[in-house]
**Q** 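Could you have a look at this structure, given as structure tokens, before my questions?
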Amino acid sequence: MNEPITTERYDIGRGEILRIARLHTLNRVLPLGYFAGFTRVRQLAVLFVVHRFGRRLFRLIIPHEARLTRIYRMLGRK
Amino acid sequence: MSWQTFYTLDELLRAGEQMAADCDTVSFDLFDTLLIRRIHDPDMVKPAVARYIAARAAEAGLTWSWPQVQRLRDRVEMGQRRETSQQFEDHEARYPDFMSRTLQRIFAEQYTDALLDEVTDYELAIENAMLVPRARLVDWLRALHAAGKRVLVVSDIYLPAAHLERLVSHAGFRDQVDAVVSSADTFLAKASGKGYELLRDRYDLSWDRWLHVGDNPHSDGLRPAGLGMRALVLRDSDEKHRKAIVKRYHRYSQGQPFWKGRLVQQLLLPLEAENLPRPPLYAYGYTVLAPLLAAFIQGVAEACLQAGIRRLYFFSREGWMFERIWHAIVPALFPAAPLPETSYLYVSRMALAGASCAHQGLIRENADIVFLPAGNRDFRDVCRVFGLQTEGFASHLERHGMTAETVLSGAHEGYEPDNRLRFNVLLEDRAFQDEVRAQTGAANAALQRYLEEQGFFAHPEVALVDIGWLGTIQRFLYDAVKHRPDTPACRGFLLGATRGVMYPTCPKNSVEGVLYDRYRFDLAGSTILYARDLFEEACRAPHPTLNGYRLDGDGVELVFREQEDEIGTAEKQQDAYFQPLQQGVLDGVARYGAVAAMFGFRMHELRPWVNYLLVSRLAFPRVEEITDIRHRHHLDDFHGQHRPKAQLSRGQRHLWDYPPAALRWNPLLRLKFFARTIRDRLRE
């Protein structure tokens with residue numbers, strides 16, 4: 001079935017982050033090759049959330065972007 | 001009048017269509033409104049330009065690193081903004097001014113206006129590669145123009161209107177715009193509101209009949225509303241989502257090299273009108289094969305530049321795709337480098353095998369190659385591969401106690417080790433070799449004439465690009481011409497070098513695998529061996545294989561294989577089946593050069609992601625990936641038609657040969673094959 005390549009999740013394939021996570025886990029028990037340090041679990045978690053839930057999340061927060069940015073900067077300064 | 005802010009394009013278009021009915025002028029902001037950027041930070045195109053200028057400076061004998069160039073540009077631009085701020089409310093800069101000053105500082109007396117034009121062209125080309133027209137907004141703009149409204153494009157940016165017009169033309173809606181206006185030309189910007197006053201005076205506009213659309217709450221909302229205009233501001237949450245993802249990948253790629261390739265792929269994703277519904281094969285070509293093949297070609301280009309090679313040949317038939325990828329990515333990747341001249345060389349193992357025997361005869365190493373494929377069995381297969389007439393060798397075979405059907409391959413019933421020993425003795429028989437030379441002389445002469453026509457002997461060193469796997473084509477090619485004193489040094493670059501037989505490496509003849517080479521311990525790269533046929537068919541040219549060369553008067557004729565028989569028909573079916581895959585690859589690499597150049601990524605930096613793609617898509621593929629992409633027909637004249645022993649056939653079964661049910665329900669199947677891969681690599 002024909003489908004657009006870029007989906008609402010802006011990923012390169014279906015469930016790509018989970019696919020990376022699976023290989024990342026497997027790579028811990030079986031050498032799969034050279035991946036230059038591969039990735040970190042936290043990065044995968046963040047990317048999973050941003051790809052999977054980002055669309056809804058951004059629709060919720062963008063109307064409050066200015067206020068959130070101010071709070072974010074204040075927290076950053078502290 | 002107050003402005004309205006919208007968080008989705010749908011809402012903005014609904015409101016805009018209503019408001020536009022009462023207006024006779026509609027102005028649009030350009031960047032992030034009509035044109036969206038693939039990257040999250042517009043300044044990221046600047047390092048690519050700095051690298052280009054540094055490379056041009058190096059050509060001119062000047063030592064400038066790209067960060068030095070970048071810092072100088074920033075300083076000069078900042079200086080101009082300071083100067084402007086003394087006379088104008090807006091702190092604007094103008095690209096031709098600050099860039100010419102930057103270049104004059106770098107190139108001194110070597111500076112020319114032509115150089116400024118070249119740098120400008122490069123910067124605009126990179127910008128164009130990063131910009132995508134926002135389809136529905138552009139459609140609305142076209143509708144407004146068709147309805148007789150005056151349509152203006154206004155931007156606060158350092159690029160003058162002439163440059164913006166080039167970007168708008170590239171985006172395809174210049175004809176629907178009445179004027180493109182930039183703050184760089186007058187230093188009057190939207191940010192202060194002076195830009196709007198300028199437009200009102202220039203085009204005799206009325207504030208209350210003028211609608212402005214943009215993305216900046218201050219410049220595109222507050223300012224026009226303060227002047228009495230209607231204003232719509234788009235804070236597109238989907239766009240911000242997309243850019244947040246790009247930003248995240250960019251940030252991660254700075255700490256973890258693994259993400260560099262993923263970042264490149266994120267920027268290659270089709271957006272807006274580019275993102276049409278496509279078949280799965282197209283998507284696979286776009287998202288999997290395109291980055292792999294582009295990384296391969298980038299690796300070849302880097303090696304050629306490092307070695308100073310000025311001539312490059314792509315071997316048919318896979319070279320057809322490689323050549324297209326080269327032209328799509330390499331000029332953007334290395335805009336200021338002395339790239340090798342390229343051409344497509346019609347060759348094949350079958351066409352070159354015979355020609356390779358005309359001077360050195362049929363040597364044992366080359367004869368042994370015939371028996372690597374299990375389908376070849378006897379001397380008839382040797383004759384078929386090397387283009388020899390079996391009848392001419394009857395007496396020679398008889399003298400050594402053999403016939404044309406004597407089994408010479410251990411993969412077949414009836415094989416005796418003694419047969420092979422007698423065959424090896426036959427190869428040392430001078431009368432036999434004389435007959436070989438006599439039969440192959442014409443093919444060799446025709447090959448040499450063809451290579452002369454292609455300028456092959458005009459350079460001291462040439463690069464030869466092929467898909468792999470043993471380097472047999474290059475081996476035969478070099479054997480055919482190595483007797484000539486003007487034979488160039490042949491440096492072969494293969495997508496994967498499996499080296500099933502020892503390659504006769506010497507200073508004038510060598511091959512190396514770029515994505516995989518058996519001489520490097522590379523587990524991930526070696527997964528390319530799971531589906532070699534996939535790469536061959538994905539890259540294959542839409543013309544039949546070459547059978548040989550024939551002298552034709554003063555020229556040479558290329559003899560192609562007939563395509564009307566059963567094998568030719570099956571090959572055409574396969575080509576038609578893979579056509580979307582090939583189109584996906586070609587579309588997928590279109591922006592690769594600009595993206596990789598923007599970040600300055602070298603092939604070795606992308607290798608971790610390339611390895612991930614290989615392992616995840618070839619060694620641990622999804623069932624539907626195998627079933628959709630697995631070839632229908634794979635044909636190779638080099639392989640004979642004989643059926644090998646049953647146990648050998650079973651032993652050759654690989655992951656990609658398994659039926660969907662086994663792939664779906666046997667969870668350990670992929671692991672079993674990968675464990676076998678590890679074992680094979682360790683044994684090597």
Side-chain angles (χ1 to χ4, degrees), chain A residues 1-69 72, chain B residues 5 7-8 217 235-242 244-246 248-249 252 255-260 262 265-266 268-272 274-280 282-284 286-288 291 522-527 584 588 605 607-609 611-612 614-616 619-620 622 671 674-675 678:
Chain A
M1 197 176 73
N2 289 4
E3 287 175 4
I5 291 174
T6 308
T7 62
E8 291 177 351
R9 296 178 187 175
Y10 296 109
D11 208 345
I12 58 166
R14 191 161 42 83
E16 190 65 34
I17 296 298
L18 290 178
R19 202 166 183 175
I20 296 173
R22 272 200 296 275
L23 278 194
H24 181 248
T25 309
L26 185 59
N27 192 47
R28 292 188 166 191
V29 291
L30 186 73
L32 297 180
Y34 167 70
F35 301 106
F38 221 139
T39 179
R40 293 176 186 159
V41 175
R42 185 181 163 175
Q43 291 174 343
L44 288 172
V46 170
L47 288 169
F48 177 77
V49 171
V50 177
H51 277 297
R52 181 71 182 79
F53 305 110
R55 188 180 176 84
R56 284 182 216 164
L57 212 59
F58 274 76
R59 289 208 168 172
L60 282 176
I61 63 174
I62 289 303
H64 314 289
E65 190 185 13
R67 266 165 287 175
L68 287 170
T69 305
Y72 191 74
Chain B
T5 302
Y7 300 100
T8 64
R235 311 285 291 161
D236 189 345
S237 61
D238 290 347
E239 257 302 284
K240 289 183 182 289
H241 173 214
R242 185 184 67 78
I245 291 171
V246 176
R248 194 60 57 184
Y249 280 119
Y252 289 165
Q256 302 284 118
F258 172 74
W259 293 110
K260 289 184 176 178
R262 179 65 183 83
Q265 274 209 264
Q266 190 66 28
L268 298 184
L269 283 177
L271 300 174
E272 297 289 329
E274 302 162 346
N275 193 30
L276 300 171
R278 305 284 192 179
Y282 179 96
Y284 193 86
Y286 197 101
T287 57
V288 180
D522 183 1
L523 265 180
S526 71
T527 55
E605 294 177 275
R607 189 175 286 281
W609 181 256
N611 284 347
Y612 163 75
L614 289 170
V615 173
S616 64
F620 295 92
R622 291 189 176 129
L671 274 179
F674 199 79
I678 295 174

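Letters A, B, ... are given to chains in the order of the sequence lines, protein chains preceding strands, and every chain is numbered from 1. When reading the values below, keep in mind they use all heavy atoms of this one structure, side chains included, and skip hydrogens, waters and symmetry mates.
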**Q** Would you compute the distance between atom OH of A:Tyr10 and atom CD of B:Glu239 and round it to the nearest 0.5 angstrom?
**A** 6.0 Å
**Q** Drop me the distance from A:Leu30's CG to B:Ile678's CD1, to the nearest 0.5 angstrom.
**A** 4.0 Å
**Q** Decide yes or no on side-chain contact (heavy atoms from CB on, under 4.5 Å) for A:Arg22 and B:Phe620, but give the supporting numbers first.
**A** CA-CA 10 Å; A:Arg22 272 200 296 275; B:Phe620 295 92; over 6 Å; no
**Q** Which of the residues A:Pro4, A:Gly33, A:Gly13 is involved in the greatest number of heavy-atom pairs with chain B at under 4.5 angstrom?
**A**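 Most heavy-atom pairs within the cutoff with chain B belong to A:Pro4.
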**Q** What's the separation between atom CZ in A:Phe38 and atom CG in B:Asn611, rounded to the nearest 0.5 Å?
**A** 10.0 Å
**Q** Distance from A:Arg59 atom CZ to B:Asp236 atom CG, nearest 0.5 Å?
**A**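 One finds 8.0 Å between CZ of A:Arg59 and CG of B:Asp236.
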**Q** Counting only non-hydrogen atoms closer than 4.5 Å, does B:Leu614 touch chain A with its backbone (N, CA, C, O), its side chain (CB onward), both, or neither?
**A**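 Nothing of B:Leu614, per the 4.5 Å heavy-atom cut-off to chain A.
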**Q** Using non-hydrogen atoms and a 4.5 Å limit, figure out which bit of B:Tyr612 sits close to chain A: side chain, backbone, both or neither.
**A** both
**Q** Does any backbone or side-chain atom of A:Ile12 lie under 4.5 Å from a heavy atom of chain B? Answer side chain, backbone, both or neither.
**A** both
**Q** Roughly how far, to the nearest 0.5 Å, is CZ of A:Arg42 from OH of B:Tyr252?
**A** 6.5 Å
**Q** Excluding sequence neighbours, so at least two apart, what forms ring-ring contact (aromatic ring centres under 6.0 Å, His included) with B:Tyr284?
**A**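 Once residues adjacent in sequence are excluded, B:Tyr284 has no partner under the ring-ring contact (aromatic ring centres under 6.0 Å, His included) criterion.
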**Q** Are B:Lys240 and A:Glu65 ion-paired here, with the side-chain N under 4.0 Å from a carboxylate O?
**A**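 Looking at B:Lys240 and A:Glu65, the cut-off is met.
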**Q** So, for A:Leu32 and B:Val615, which heavy atoms are closest and what is the spacing to 0.1 Å?
**A** O-CG2, 3.8 Å
**Q** Check side-chain contact (heavy atoms from CB on, under 4.5 Å) between A:Glu8 and all other residues, then give those that pass, not counting sequence neighbours.
**A**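 Expected list: A:Arg55.
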**Q** Measuring heavy-atom distances to chain B, does A:Asn27 have an atom under 4.5 Å in its side chain, in its backbone, in both, or in neither?
**A** neither
**Q** At a 4.5 Å cut-off on heavy atoms, which part of B:Leu269 comes close to chain A: side chain, backbone, both, or neither?
**A**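 B:Leu269 touches chain A through backbone and side-chain heavy atoms alike.
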**Q** How far does OH of B:Tyr7 sit from CD1 of A:Ile62, to the nearest 0.5 angstrom?
**A**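 The distance works out to 9.0 Å.
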